[in-house]
Amino acid sequence: MNETKPIRVRFAPSPTGHLHIGGARTALFNWLFARKYGGSFILRIEDTDTSRSTDEYIEAIIDGMKWLKLDWDDGPYRQTARFDIYRDYVQKLLNEGKAYYCCCTHEELEQRRQEAVAAGRPQKYDGRCRGVEGEKPDRPAAIRFKMLQEGYTVVKDLIKGHVEFENSQLEDLIILRSDGAPTYNFVVVVDDIDMKISHIIRGDDHLNNTPKQIQIYKAFGWEPPAFAHLPMILGSDKARLSKRHGATSVMAYKEMGYLPDALVNYLVRLGWSYGDQEVFTREDLIKYFSLENVGKSAAVFNPEKLLWLNSQYIISSEPSALAEAVMPFLLKDGVVSESAAVDMQWLSKAVRSLQERARTLIELASSLKYYISEQVEIDKKAAEKFLKQENIGLLSELRDMLLPLEAFFASDIEKAFMAVVEKHGLKMGNLAQPVRVVLTGSTASPGIFEVMEILGKEKVLKRLSRVIEGE
RNA sequence: GGUCCCAUCGUCUAGAGGCCUAGGACGUAGCCCUCUCAAGGCUAAAACACGGGUUCGAAUCCCGUUGGGACUACCA
């Protein structure tokens, strides 16, 4: 890449909302790039729009980054803390005649835009204040950057390739608002130079901003960083992903019981691939990641595939780690009152039996209920189908066989169970299903002997008796 | 409207001119396994947007058309 400059990349969200799917993917690619090449990953909060930015959203974004385990080496910087720096640079442009005061009001600007639309002309600032350069006017004035109008600007993008823009299409953009706050296209340039960013990896919604920014770099005599514009993430209707497509906040996925590694794995495959491989550890990703394998076209976010990946991560998790991860969900549901009250070794065993049956931690917690709770609520339809009178007798016989058991392992239980089955010339399922309904409340569960072992003799007998006695 | 980007199964993608009878994954359907449900295994249906070139040969290169998206703020 660049032989001389050290690799430094940044994620620069504006705190006007939670960390969303698109932002997280941008952060992830930057993070991977930094980790891959031993560079630095910088977090910079772009809060120059003070009317829309909040401290709560800064916290929310940081929470999201932490949950995804995207650690940064430098920052978070806040642009509102750097306004003096930006103003100095604005002044410099002013002094050099590369920027000018503009007294056009919002209303005037808006009116001229309307007229341009009506006349079918390009909506571009007409540059009327360009002529009246000089000292600061008495009226409120913004400061515009004098955009070069001749020739064209080339963006050499690591993903999109060679992209040309005609300079005459670029307008004199406002770099300092009349209230003294600098604007995005200006501060982003100053910061990326000041923070010695080597590669700007961001969404391709910024591709059109890039030639404007390149002109600002040039006005200062700065060498721009390398650019890499990532394709967008779309909703199912191919429109830009937004709230109406469902959950877009990263933390919403935490609450829905997704594992951060699963979400990271899903996100990285949106626009990037490594042959036919679908599941990657973090180490894999760092090892294999490359901007060269990033695609150019937008990707539709597919919740089904994310769900599948999550199930894969749940299956391959350590039961003990999963038990820890599911605890907040058990507490939230009131299944357990305090985590200290749970035997984690036992819980891990219960979790292990459910791993390949739960796609999210919520599903896991939900199934765990029938292991943990004292009694179980029996599904009405399941009861109608399997708890008929003739089955109650079988349950009673099974209870009699279980009663004297001293060891209550699956193998012991199976012997008792099979004795009843064989005595009546039944099939396994004839007894397994009624027992399953009694013990778990539903017709679907892990293997019945395993369920019984995990529940333990006491709970098993209690639940059987409750049904046999018809309470 | 203008500027820019993009275009392989429904979706994510492999594919860097002959390895393509277009591969994998999710989802869907069927079968196997089986005490249920999963997981797992096998199988199936499913795509190179269209039209012109270039070439002995094009999913791959070029042009156009169409379609989608982004930007077009004193938002970022």
Q) Do we see a donor-acceptor contact under 3.5 Å between the side chains of A:N167 and A:T153? A) yes
Q) Taking atom types as modelled, is there a side-chain donor on A:Y370 or A:S442 under 3.5 Å from an acceptor on the other? A) no
Please measure how far the [atom1] atom in [N] lies from the corresponding atom in [M], and state the result in whole Å.
N     : M     : atom1 : answer
B:U60 : B:G15 : C1'   : 8 Å
B:A44 : B:A38 : P     : 23 Å
B:C62 : B:A58 : C1'   : 12 Å
B:U72 : B:U55 : P     : 44 Å
B:U21 : B:G64 : P     : 30 Å

Q) For A:R121, which contact category applies under a 4.0 Å heavy-atom criterion: base, sugar-phosphate, or nothing? A) nothing
Q | 5' priority, RNA chain B, between A:W272 and A:F165 [closest heavy atom] | A | A:F165
Q: Answer yes when A:E110 and A:R113 have at least one side-chain N-carboxylate O distance shorter than 4.0 Å, and no when they do not.
A: yes
Q) Charged N to carboxylate O below 4.0 Å: is that the case for A:D55 and A:R78? A) yes
Q: Examine the base of B:A76 for any acceptor or donor lying under 3.5 Å from a partner atom in the side chain of A:D205, and report the outcome as yes or no.
A: no
